[in-house]
Visitor: 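One structure, pasted below without further comment.
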Amino acid sequence: MNAVRVLLAEDGSAMGRQLRGLLAEQFEVIGLVQDGASLVKAAQSMLPDVVVTDIAMPELNGLEAARRLRVQRPVLGVVFITVHSEPQMVDQAMALGPCSYVLKSDAGDDLALAVQAALRGERFISRSL
């Protein structure tokens with residue numbers, strides 16, 4: 001079976017390295033970008049199976065980047081990785097269709113499960129929410 005190709009978007013360099021390392025344990029991380037505009041551009045050329053994106057980023061936030069990507073590829077797996085635990089933020093993400101929503105504080109436990117759910121087109125929300 002081919003490795004699952006994951007594109008990561010995170011504007012914090014230290015957090016980006018941590019998340020990349022976590023993802024690389026089970027998936028092929030094909031790139032790391034630092035803003036939503038770069039995520040859209042990279043995803044169009046690299047064709048990942050799943051994008052893992054922060055929500056609050058410069059240029060274009062992760063919600064809008066994911067919305068644009070889903071217009072082009074409705075089956076694209078999307079995982080939001082964020083510090084935002086507010087119910088209205090979770091609702092905004094879930095309104096984009098089946099996706100995963102993981103708090104950065106839960107990444108160690110939940111990120112791989114969230115990517116797997118996104119691949120299956122299922123919703124996943126951090127257990128602490």
Side-chain angles (χ1 to χ4, degrees):
M1 184 173 138
N2 291 338
V4 173
R5 296 164 40 87
V6 175
L7 179 59
L8 175 61
E10 166 60 52
D11 61 328
S13 57
M15 179 58 70
R17 285 191 302 274
Q18 287 180 314
L19 293 173
R20 179 181 219 150
L22 200 55
L23 288 163
E25 292 174 10
Q26 295 185 42
F27 310 106
E28 179 185 356
V29 181
I30 59 173
L32 170 59
V33 297
Q34 295 188 317
D35 63 75
S38 297
L39 174 61
V40 171
K41 187 174 181 179
Q44 290 169 335
S45 62
M46 299 172 111
L47 300 176
D49 299 307
V50 176
V51 294
V52 175
T53 180
D54 191 3
I55 290 179
M57 291 187 295
E59 305 265 336
L60 190 65
N61 71 45
L63 291 169
E64 180 58 21
R67 188 194 66 73
R68 291 181 187 186
L69 289 170
R70 277 272 175 85
V71 167
Q72 297 166 5
R73 290 180 58 206
V75 297
L76 177 65
V78 175
V79 176
F80 294 104
I81 181 89
T82 183
V83 296
H84 297 284
S85 60
E86 304 85 10
Q88 64 271 27
M89 191 67 76
V90 177
D91 291 345
Q92 284 180 36
M94 292 298 144
L96 296 173
C99 62
S100 296
Y101 196 98
V102 176
L103 294 179
K104 288 181 179 176
S105 58
D106 295 336
D109 295 329
D110 289 348
L111 189 54
L113 295 171
V115 171
Q116 294 292 350
L119 278 170
R120 294 188 303 267
E122 298 171 4
R123 294 175 188 259
F124 179 95
I125 297 175
S126 274
R127 288 172 276 206
S128 66
L129 289 172

Visitor: When you group the ILVMFWY residues by side-chain heavy-atom contacts below 4.5 Å and let the links chain together, are V6 and L69 in the same group?
Guide: no
Visitor: If I take atom OG from residue S13 and atom CZ from residue R20, how far apart are they, to the nearest 0.5 angstrom?
Guide: 12.5 Å
Visitor: Taking all atoms of both residues into account, what is the closest heavy-atom pair of G121 and P98, and its distance?
Guide: O-CB, 3.2 Å
Visitor: Would a single hydrophobic cluster contain both M15 and V29, if residues Ile, Leu, Val, Met, Phe, Trp and Tyr are joined by side-chain heavy-atom contacts under 4.5 Å?
Guide: yes
Visitor: Side chains of V50 and L76: does their closest heavy-atom pair fall under 4.5 Å?
Guide: no
Visitor: Consider only side-chain heavy atoms of I, L, V, M, F, W and Y, link residues closer than 4.5 Å, and tell whether M89 and L39 are in one cluster.
Guide: yes
Visitor: Quick one, H84 and V90 - any side-chain contact, counting heavy atoms below 4.5 Å?
Guide: no
Visitor: Locate the shortest heavy-atom distance separating V51 from A43; write the atom from each residue and the value.
Guide: CG1-CB, 4.4 Å
Visitor: With a 4.5 Å cut-off on side-chain heavy-atom distances among I, L, V, M, F, W and Y, is there a chain of contacts connecting I55 to I81?
Guide: no
Visitor: So do the side chains of L103 and V83 get within less than 4.5 Å of each other, counting heavy atoms only?
Guide: no
Visitor: Is L7 close to V52 at the side-chain level, that is, under 4.5 Å between some pair of heavy atoms?
Guide: no
Visitor: Please name all residues satisfying side-chain hydrogen bond (donor to acceptor under 3.5 Å, both in side chains) with E122, sequence neighbours left out, ordered by chain then number.
Guide: R120
Visitor: Would you call D106 and R127 a salt bridge, using N to O less than 4.0 angstrom?
Guide: no
Visitor: I'd like to check L111 versus L23 (side-chain heavy atoms, cut-off strictly below 4.5 Å). Are they in contact?
Guide: yes
Visitor: Below 4.5 Å, heavy atoms only, C-beta onward: do M94 and Y101 meet side chain to side chain?
Guide: yes
Visitor: Hey, quick one: are L113 and V78 part of the same hydrophobic cluster, counting side-chain heavy atoms closer than 4.5 Å, chains of contacts allowed?
Guide: no
Visitor: Could you note down all residue pairs passing side chain to side chain donor-acceptor pair (under 3.5 Å) where residues 54-74 supplies at least one of them, sequence neighbours left out?
Guide: Q44-Q72, D54-K104, E64-R67, E64-R68
Visitor: Determine the minimum heavy-atom distance between V4 and L119, stating which atoms define it.
Guide: CG2-CD1, 3.4 Å
Visitor: Closest approach of A107 and L22, non-hydrogen atoms and distance?
Guide: O-CD2, 3.5 Å
Visitor: So, taking the atom named OG in S128 and the one named CG in D110, what distance separates them when rounded to the nearest 0.5 Å?
Guide: 7.0 Å
Visitor: Can a donor-acceptor pair be found, under 3.5 Å and without considering hydrogens, that links the side chain of T53 to the backbone of G62?
Guide: no
Visitor: Would you say that L60 contacts V40 through its side chain, given a criterion of any heavy-atom pair below 4.5 Å between the two side chains?
Guide: yes
Visitor: Identify the two heavy atoms, one from F80 and one from C99, that lie closest to each other, and give their separation to 0.1 Å.
Guide: CE1-SG, 3.8 Å
Visitor: To the nearest 0.5 Å, what is the distance between CZ on R123 and CD1 on I125?
Guide: 7.5 Å
Visitor: Which residues satisfy the side-chain hydrogen bond (donor to acceptor under 3.5 Å, both in side chains) test with T82, sequence neighbours excluded?
Guide: none
Visitor: Look only at the side chain of R5 and the backbone of M46, and say whether a donor-acceptor pair between them is shorter than 3.5 Å.
Guide: yes
Visitor: Within the 4.5 Å heavy-atom criterion, are V33 and L8 side-chain neighbours or not?
Guide: no
Visitor: Test your reading of the model: is there a side-chain donor-acceptor pair from E28 to the backbone of I30, 3.5 Å cut-off?
Guide: no
Visitor: Under the 3.5 angstrom rule, does the side chain of S100 hit a backbone N or O of V79 as a donor-acceptor pair?
Guide: no
Visitor: For the NZ atom of K41 and the CG atom of D35, what is their distance to the nearest 0.5 Å?
Guide: 10.5 Å
Visitor: On a heavy-atom basis, which atom in A3 and which in D49 lie closest, and how many Å separate them?
Guide: O-OD2, 4.0 Å
